[in-house]
K.L.:
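Quick one: this structure, given as structure tokens, is what I'll be asking you about.
Order of the sequence lines fixes the chain letters, A, B, ..., with proteins taken first and strands second; residue numbering starts at 1 for each chain. Heavy-atom basis, side chains included; hydrogens, waters and symmetry copies ignored.
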There are 2 protein chains.
Amino acid sequence: MVIQLRDTLVELIRDEQLKPGEQIPTEHDLAARFSVSRATVREALKLLEQDGLVDVVHGRGRFVSANVGLSVNRPVTRFESVTEMLAGLGYITTNRTLSVERAAPTDEEAEALGVDAQGEIVRLRRLRLHEDSALVVSVSAFSTALLGTDEPADLDFTGSLAQWLAGRGHDLQSSAAQIQALPMPSELAALPEVDGKQAWLVISERCVDAAGRSVLFSREYHRGDVFTFHVLRRRGT
Amino acid sequence: MVIQLRDTLVELIRDEQLKPGEQIPTEHDLAARFSVSRATVREALKLLEQDGLVDVVHGRGRFVSANVGLSVNRPVTRFESVTEMLAGLGYITTNRTLSVERAAPTDEEAEALGVDAQGEIVRLRRLRLHEDSALVVSVSAFSTALLGTDEPADLDFTGSLAQWLAGRGHDLQSSAAQIQALPMPSELAALPEVDGKQAWLVISERCVDAAGRSVLFSREYHRGDVFTFHVLRRRGT
DNA sequence: ATGCGACAGATGTCTGACATCCGCCAACCT
DNA sequence: AGGTTGGCGGATGTCAGACATCTGTCGCAT
């Protein structure tokens, strides 16, 4: 109910054309208007404050803040698989697996997955192709323990890796990501489908499942002339 | 007090080594422990829920969620000027102004600033140099109204543009930003300090002041081999 | 004119109560 | 014996009312 009220209040602010600086109704009024208690109203308003949509001044009231009016479509802060992202952008792509193999982890992979640097991980390299050109190049690493009795070569990763992991009990929930602009490593740039002259927008992320375990480290190269990421930025916090 | 309690609870979760899935003390216990009312505890906990740090199950309790353990240093979601960012990363840079001039806005600039496409804006192009090499190339646009009686050429922008705007009553608060990986436009790549072969990490953002006005549209090119942005990503919301 | 206090109205916090949901377990029925 | 039901404890969700604290305003006394 608090959540519902919060969303209602957001609508109210957006729809009533309340401009930054304007005062919003008091807790008492809102409680009366929506037939809920003041405590409930306060919890909803607190959420809006944390979102930076309203500012509060003790003794005076609440005022819509500067951030209203700023919004973006698919913020990078929303965790989603490459498959989901491409579908959301309307791209029809085909997946091609370049390689699936057991290999020694890079330092980065070892640290992210919490495995020994002398150990072994599964590394999966894939292309997302659109009209015979690679839009995204993915290099993913995960623990060999997830294979169970299967060998890497037996598996079919042309679908969503996130889905495959979910089937093994690891629902990806969130990640800590790095964003860089890099050229394509020469080994991958050598492929005919991969444009080696592009700037590539690279997301390297450590993904954790619902239980908080680091399950996947992946680096996704997004073609620079195709992809744009969006994000809202705020002072403080 | 709610905010203070929220931060205390975050510490409590982090320091007590509570792992994802573990239950946190009940509202009643927390209220007793910190000598506050249950209402106050609830407001603080609601904030943690919105942050995705705890999950709540009606009738059972609250449990620390998967996102605990994920954190990054200087998230892109934190709005800061290039000057602040470079200082935070420990770079000592010198500013060089390439040009300040009245000019016709690009479509993008006109839309972001809410000015007529046939109108005029001030465009400022600057370099942040480190050891005679450009780390960041900025192209900023703002309304000519901000000049007052001054002419562009009279102004000194070697300091922080954000500070200059603040002095004119426009404290930059937040922005909606795009992130791309692009080559440097040829005109700027021609400069000896600018590496034209680099991939550049580009942030184009519309910045709004405390009153919610779109004050500044800027595009910052960050050298790809130097800069890495960080961000937390979460499912939902 | 200036300063001070009363006052209204807003948010911040507290208290106690009841509603609802969940997990558990004992009593019950078949 | 086994499955169902109902009660109970404990957790969150919501409510009503009260008081505390802060802000701006207005009127009155100096």
K.L.:
Whole Å only: how far is the CG atom of Asp55(A) from the P atom of dC22(D)?
P.N.:
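Rounding to the nearest Å, CG of Asp55(A) and P of dC22(D) are 20 Å apart.
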
K.L.:
Rounded to the nearest 0.5 Å, what separates atom CG in Asp51(B) from atom CG in Asn67(B)?
P.N.:
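Asp51(B) CG to Asn67(B) CG: 9.5 Å, rounded to 0.5 Å.
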
K.L.:
Can you measure from CD1 (Ile121(B)) to OG1 (Thr106(B)) and round to the nearest 0.5 angstrom?
P.N.:
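Reported value, rounded in 0.5 Å steps: 7.0 Å.
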
K.L.:
Does any residue of residues 61-68 of chain B have a heavy atom under 4.0 Å from DNA chain D, and if so, which ones, in number order?
P.N.:
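Only Gly61(B), Arg62(B) qualify.
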
K.L.:
Going 5' to 3' along DNA chain C, which nucleotides are the first and last within contact of chain A (any atom under 4.0 Å from a heavy atom)?
P.N.:
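Boundary nucleotides touching chain A, in 5' to 3' order, are dG9(C) to dT13(C).
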
K.L.:
Contacts to DNA chain D from residues 29-49 of chain A, heavy-atom cutoff under 4.0 Å, which residues?
P.N.:
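Output list: Ser35(A), Val36(A), Ser37(A), Arg38(A), Thr40(A).
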
K.L.:
Between the side chains of Arg123(B) and Glu109(B), is the shortest nitrogen-to-carboxylate-oxygen separation below 4.0 Å, so that they form an ion pair?
P.N.:
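Salt bridge present between Glu109(B) and Arg123(B).
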
K.L.:
Look up atom CD in Gln50(B) and atom CD in Glu49(A), then write down how far apart they are to the nearest 0.5 Å.
P.N.:
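Those atoms lie 10.5 Å apart.
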
K.L.:
Please determine if Glu80(B) and Arg74(B) form a salt bridge, counting it only when a charged side-chain N lies under 4.0 Å from a carboxylate O.
P.N.:
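Yes, this pair counts.
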
K.L.:
So how far is it from Phe217(A) CZ to Ser175(A) OG, rounded to the nearest 0.5 Å?
P.N.:
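Answer for the CZ-OG pair, Phe217(A) versus Ser175(A), is 10.5 Å.
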
K.L.:
Atom CD1 of Ile24(A) and atom CG of Leu45(A): how far apart are they, to the nearest 0.5 Å?
P.N.:
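Here the interatomic distance stands at 5.5 Å.
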
K.L.:
Before accepting this row, confirm whether a basic side-chain N of the pair Arg206(B)/Glu108(B) lies closer than 4.0 Å to the acidic partner's carboxylate O.
P.N.:
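No.
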
K.L.:
CZ/Arg62(A) to CD1/Ile13(A) distance, rounded to the nearest 0.5 angstrom?
P.N.:
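Here the interatomic distance stands at 10.5 Å.
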
K.L.:
Starting at CD1 of Ile3(A) and ending at P of dT12(D), how long is that distance when rounded to a whole Å?
P.N.:
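Nearest whole value for this atom pair: 16 Å.
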
K.L.:
Taking NZ, NE, NH1 and NH2 as the nitrogens, is one of them in Asp29(B) or Arg33(B) under 4.0 Å from a carboxylate oxygen of the other?
P.N.:
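Salt bridge: no.
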
